[in-house]
Amino acid sequence: MKHLQILIIALGLISLSTSAMATEKSVSSPDGQLIVTISDQGGTPTYRIDFCGCEVLMPSALGMQTSLGDLTKGLTIVNATTKSVADDYQLDRIKTSSVSYRANQLDVTFQRTDSIKFIVRFQVSNNDVAFRYEIPRPKANNPKRMTIFKEATAFRLPTGSTTFLCPQIGPETGWENTKPSYEEDYEANMPMDKASKFGLGYTFPCLFSLAGANTVTEKGWKEAWMLIGETGVSSAYCGSHLSDFTNGQYSIAFPHRGENNGFGSEYAVVPLPGKTPWRTITVGQTLRPIVETTVAYDVVEPQYEAPKYKPGRYTWSWLIWQDASINYDDQVKFIDLASTMGFEYCLVDNWWDAQIGRDRIEELSRYAQSKGVSLMLWYNSNGYINDAPQTPRDCMNTAIAREKEMTWLQKIGVKGIKVDFFGGDKQETMRLYEDILSDANRHGLQVVFHGCTIPRGWERMYPNYVASEAALASENVFFDARHAKAEGFELTMHPFCRNALGAFDWGGVIMNRYMSRDNKSRHPRYTSDVFEMATAFTNQTFIQCVAMQPNNLEELPDFELEFLRRIPTTWDETRFIEGYPSKYVVMARRHGSDWYVAGLNGTDKPITLQLSLDAFYTSATPLYVYNDNTRKKGEIVPSSYRKPLKPNGKGHVKLTIQPMGGFIISK
């Protein structure tokens, strides 16, 4: 018995010794409020995050399962280096035109007993954490490549956090087997342990409220938020998402093997030395850092040179007039509408090759250019990923086909393409996105993606990239009255989540009152005119769809038409004012010297606000407010008005946003 007691004591001492020998390395943001600590406790690499003295991410796993072996355990920290990072850059297609990125960088090297190493690089700026893995080539100079089967990367949020998430759906699902395409319903303010709808986790970006978390309530904070995403994904890696909440945490999950019609690996393959994309975490005591973050662009670099591309607005017949409108005469109507409104582009959607023909498209492009408008044309991404029948097909899936098609597009003066129906997030699919963008840039073409994944830093990486759909977008308002009624919920969610980390082609400032060509039949739009106009400011993209119809020129009040004519699409500054995901949002954006303050109410109750405007306007600035009247009996939504607005002596105004309504304040 005595020997047994000695053995137990000895084992305990060894355990304590191992614990005591754990190495920790830390890095903080420039303002010192955000601290990341990396540890090799028990041979397992972990990281945790503290913000303003509060633990907002508990110790969470790092590492990978790879063809080099298990890089999740039996590891020790053997080196750590730090430096400061400074990057000043200009980018015309994001929420602010000039960025001054300042961060502190920590490179931590983990090593196994067999000398296999990898580095975790953390860059911590004020409110933002970005990290990635970097894998050197072994000293023996072989292998020169590595397969990553799985990441251990995890996110262990404090107990009591709630979620604002969109579920990941499986492959070969949805209309004509076109999913996954990031087009599922968000659920707001759900508990973490609620299972995802399809059992496959959640698409990025992922928003969490920490207001009810144990660590936050102990601090007495009224609110705290975290947004998790990824950036820097190219043809060199697959896209990822979050797993279901399992064993108290979320983890990085790779694509389903059935995506991309089963073609290509669900794993990631990198050359050695190699690196992974960045995982990003934005933290704030309010939603302002979430809405204003530029982290998706801060840590990536342009992949090629690009000419100067033109921002603007486009008209689009398909949203309301649908497939039957893809004919020469109807497209002339929408070109004329764009010209009358001063818009730069007109998008011709699917079936144009069959219903208009290539010869007449050349004629249509010449006509558009004579009216000061450029065409954008729709394409099916390829012919074997899904069963979507729309043409033109097989023009974008090979280098030879793209070169032929894009040479022709450049020749006839087309300025952009919308490419639809992709197959998921595999590395092979990411290669297709990159190839389309790179080839299009050579021919002066900007690119919009639909039926697709989210962008991941692509605005800076690929300078001709415009935006992606990657959400339940405006077409669903047309298809289904349920989505028309949910438009307020959805468009007050996206500024805090989907649009916070990437440009968003929602597909329309919808001005028809009914979802029909005659503007009298089918189901109505349940949002007000000013709500729709305000979405041009709450949704951010370099080329914005203003989904007017020709009949709107005779139906809309003159003050609405005048405002629609001058909507800008590039921003020098963006500021979040107030709001709550899925309920309401108020934002300010600056274009040149002009500020626009806009808000949406996604609920069925009026919301009264006290707004301070002195940060945006002087007392001498003549201001106008676009808002909604109180709804009258029999009205689906209220009528709108424009009138002068005079802040009080403190620069404050009081206004009410009507249910499913909006407002805009401008000069």
Side-chain angles (χ1 to χ4, degrees), residues 86-102 125-128 282 287-300 302 306-313 342-344 446 455 457-467 494-496 499-506 509 533-546 563-579 585-600 611-618 620-624 626 651 663-667:
D87 186 13
D88 298 310
Y89 63 93
Q90 283 70 48
L91 196 56
D92 61 3
R93 55 192 58 222
I94 62 171
K95 61 187 79 172
T96 183
S97 63
S98 183
V99 180
S100 182
Y101 176 62
R102 298 292 182 270
S125 55
N126 296 344
N127 297 103
D128 292 308
T282 301
L287 282 159
R288 181 173 179 176
I290 305 297
V291 174
E292 297 181 13
T293 183
T294 57
V295 68
Y297 321 111
D298 295 338
V299 294
V300 301
K308 183 69 174 177
Y309 286 105
K310 187 176 183 179
R313 293 73 45 91
F343 297 164
E344 293 78 5
Q446 300 192 84
W458 293 353
E459 294 91 326
R460 192 177 185 197
M461 294 167 66
Y462 310 115
N464 59 323
Y465 168 78
V466 174
H494 295 312
F496 306 102
N499 207 187
L501 290 184
F504 181 32
D505 189 51
W506 156 259
V509 177
M533 291 158 59
T535 65
F537 302 91
T538 58
N539 291 337
Q540 183 270 316
T541 176
F542 186 70
I543 300 179
Q544 183 80 256
C545 177
V546 182
F563 189 83
L564 289 166
R565 285 187 175 97
R566 63 186 180 92
I567 288 174
T569 64
T570 58
W571 307 111
D572 295 293
E573 195 172 351
T574 293
R575 295 191 197 174
F576 171 70
I577 297 175
E578 63 176 283
V585 62
V586 181
M587 300 172 64
R589 296 196 195 262
R590 179 172 62 85
H591 175 78
S593 60
D594 295 332
W595 279 101
Y596 298 83
V597 179
L600 306 177
L611 299 177
S612 174
L613 301 181
D614 55 358
F616 313 115
Y617 310 106
T618 68
T621 305
L623 297 179
Y624 292 87
Y626 299 76
F663 78 89
I664 305 165
I665 298 171
S666 71
K667 293 197 298 186

Output, in order, the C-alpha distance, side-chain angles, deciding distance and verdict of side-chain contact (heavy atoms from CB on, under 4.5 Å) for F663 and V586.
-> CA-CA 9 Å; F663 78 89; V586 181; 3.8 Å; yes

Going by an N to O cut-off under 4.0 Å, is there a salt bridge joining R102 and D87?
-> no

Below 4.0 angstrom, N of the basic side chain to O of the carboxylate: do R313 and E344 qualify?
-> yes

Can you list every pair that meets side-chain hydrogen bond (donor to acceptor under 3.5 Å, both in side chains) and has a residue in residues 535-544, with sequence neighbours left out?
->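 Counting only pairs at least two positions apart or across chains, no side-chain hydrogen bond (donor to acceptor under 3.5 Å, both in side chains) contact touches residues 535-544.
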
For the ring pair (Phe, Tyr, Trp, His ring centres under 6.0 Å) test, which of W458, Y309, Y297 pairs with Y465?
-> W458

Among all residues two or more places apart in sequence or in another chain, which pass the salt bridge (Lys or Arg N to Asp or Glu O under 4.0 Å) test with R589?
->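 If we apply the salt bridge (Lys or Arg N to Asp or Glu O under 4.0 Å) test to R589, skipping adjacent residues, there are no hits.
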
For [X] and [Y], which heavy atoms make the closest approach, and how far apart are they?
X    : Y    : answer
T282 : P289 : CG2-O, 3.5 Å
T294 : K95  : CG2-CG, 4.4 Å
K667 : R566 : O-NH2, 3.5 Å

Step-by-step side-chain contact (heavy atoms from CB on, under 4.5 Å) determination, T293 to N127 = CA-CA 8 Å; T293 183; N127 297 103; over 6 Å; no

Is the charged tip of R460 near the ring of Y89: under 6.0 Å from the six-membered ring centre and within 45° of its axis?
->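 Yes; both conditions hold, so R460 lies above the ring face of Y89.
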
Can you name the residues that form a side-chain contact (heavy atoms from CB on, under 4.5 Å) with P622, not counting sequence neighbours?
->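 Counting only residues at least two positions away or on another chain, P622 forms no side-chain contact (heavy atoms from CB on, under 4.5 Å).
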
